[in-house]
Undergrad: 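The structure that follows is given in the form of structure tokens.
Throughout, residue positions are numbered sequentially from 1 according to the sequence presented. No experiment lies behind these values; they were computed from the predicted model shown.
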Amino acid sequence: MPRYTRQQVRRRRRIAALILAVVALLVVGSCGIGIIRLATRGGDAASAAPTGADVVLEMPMTPADAPALSQLPAGESLREGEVLGVDVSAHQGAIDWKRLREAGISAAYIKASEGAGHQDARLSANWRGAHGAGIARGAYHYFTLCSTGAEQARSFLAIVPPDATALPPALDLELDGACEERPDADAVQAEVDDFVAAVEKAWGRRVVVYSSFEWRTAYGLPEEVDRPAWLTRHEGRPEADWAIWQVRFDARIDGVDHDIDLDVVDATVLAREATISS
């Protein structure tokens, strides 16, 4: 396998982004029902059946007058190929997904599992609700340090098996409530690698990676280079490359009675970087 420097990787990404941006413009421009649909081709001999087929992301566009746009930082607006999204768990309680869609939310990452054997209490209701409201949905796993990566992958895949209609699966790396144990960096990286390898083989897509500042300080983030990045920045757009930008954690949007995480999803980047290329 050829190896590239970080600068070469970024240069290749920018070239690919320009090509896919043109494709995205043609798709969006020809779509009268307001749907962003992006497909990229991938293949990996080490992966399971889903790999080798087109990776398709389909999500409704966020209307230009969507009420939820008011939650963006001052002076910010959506750019071509971007939509508003949220990430939710049982913490938000019952959600009126139709009202959330009417507010302008197009995509949602829904907590599926934590550690090994724990399913989020609202997963089933949120999964059905998002789909029924026409919101693109994806599942995320909250990683812990109290069980192995292989055990956590089995648990996640049992709860949310591969779904070609869903967004790529996401991995949440944080230290809050993740276990009092603090293994050394090499041991933690090995467990994260095991989780990522198992999930990507089953889904045939790259895992989206979110990490907290505390996690990156303690363990770094070697997964970030060749996978979709989910970054947090509340003051404005992140300077680094990203597929998902978490704008705020305290958004107030019609349909939810509690604070909610608001995200901007770049459909072009997410489709491209979720692809496992041969």
Undergrad: Distance check, rounded to the nearest 0.5 Å: L84 atom CG versus L72 atom CG?
TA: 5.5 Å
Undergrad: Roughly how far, to the nearest 0.5 Å, is the CG atom of L100 from the CD1 atom of I135?
TA: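 It is 5.0 Å, given to the nearest 0.5 Å.
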Undergrad: Could you report the tightest heavy-atom contact between I253 and A103, atom names first, then the distance?
TA: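 The pair with the smallest heavy-atom distance is CG2-CB, 3.6 Å.
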Undergrad: Write down the atom of G93, the atom of H258, and the distance for their closest heavy-atom approach.
TA: N-CD2, 4.5 Å
Undergrad: Would you say the side chains of Y210 and T232 form a donor-acceptor pair under 3.5 Å?
TA: yes
Undergrad: Any ion pair linking E200 and R205 (charged N to carboxylate O, less than 4.0 Å)?
TA: no
Undergrad: Indicate yes or no: at least one non-hydrogen side-chain atom of P183 is less than 4.5 angstrom from one of Y219.
TA: yes
Undergrad: Determine the minimum heavy-atom distance between W242 and V264, stating which atoms define it.
TA: CZ3-O, 3.4 Å
Undergrad: Quick check for you: to the nearest 0.5 Å, what is the distance between S211 atom OG and L231 atom CG?
TA: 7.5 Å
Undergrad: Quick check for you: to the nearest 0.5 Å, what is the distance between Q119 atom CD and S124 atom OG?
TA: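 Here the interatomic distance stands at 5.0 Å.
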Undergrad: Identify the residue among E174, E114, Q152 that makes a side chain to side chain contact (heavy atoms under 4.5 Å, CB included) with F143.
TA: Q152
Undergrad: Would you check if the side chain of R233 reaches a backbone N or O of R237 as a donor-acceptor pair within less than 3.5 Å?
TA: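 Checked: pair present.
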Undergrad: Nearest heavy-atom pair of A112 and A139: which atoms, and what distance?
TA: CB-CB, 4.0 Å
Undergrad: May I ask you to decide if A90's main-chain N or O and D120's side chain share a donor-acceptor pair within less than 3.5 Å?
TA: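 Side chain of D120 to backbone of A90: a pair is present.
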Undergrad: So V196 and R227, side chain to side chain contact (heavy atoms under 4.5 Å, CB included) or not? Walk me through it.
TA: CA-CA 10 Å; V196 168; R227 290 182 175 83; 3.4 Å; yes
Undergrad: Quick check: does any side chain N or O of E151 sit under 3.5 Å from a backbone N or O of T148, one acting as donor and the other as acceptor?
TA: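 Confirmed, E151 side chain pairs with T148 backbone.
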Undergrad: Closest heavy-atom contact between L57 and A267?
TA: CD1-O, 3.8 Å
Undergrad: Check each of D263, V83, T62, L262 against I105 using the side chain to side chain contact (heavy atoms under 4.5 Å, CB included) test, and report the only one that passes.
TA: L262
Undergrad: For E235, I'd like to know if atom CD has over 12 heavy atoms of other residues, nucleotides or ligands within 6.0 Å.
TA: yes
Undergrad: Can you confirm whether the side chains of S113 and H141 place a donor and an acceptor under 3.5 Å from each other?
TA: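 Present: a donor and an acceptor within the cut-off.
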Undergrad: Look only at the side chain of Q71 and the backbone of A68, and say whether a donor-acceptor pair between them is shorter than 3.5 Å.
TA: no
Undergrad: Using 4.0 Å as the upper bound for N to carboxylate O, is an ion pair formed by D250 and R248?
TA: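 Answer for the salt bridge query: yes.
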Undergrad: Give a yes or no on whether H118 atom NE2 has more than 12 heavy-atom contacts from other residues, nucleotides or ligands under 6.0 Å away.
TA: yes
Undergrad: If I compare all heavy atoms of P73 with all of V247, which pair ends up nearest, and what's the gap?
TA: CD-CG1, 3.3 Å
Undergrad: R122 side chain to A125 main-chain N or O, any donor-acceptor pair under 3.5 Å?
TA: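 Between the backbone of A125 and the side chain of R122 there is no qualifying donor-acceptor contact (under 3.5 Å).
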Undergrad: What's the spacing between K201 NZ and I276 CD1 if we round to 0.5 Å?
TA: 11.5 Å
Undergrad: I'd like to know if R252 pairs up with D259 as an ion pair, taking the criterion as any Lys NZ or Arg NE/NH1/NH2 lying under 4.0 Å from an Asp or Glu carboxylate oxygen.
TA: yes
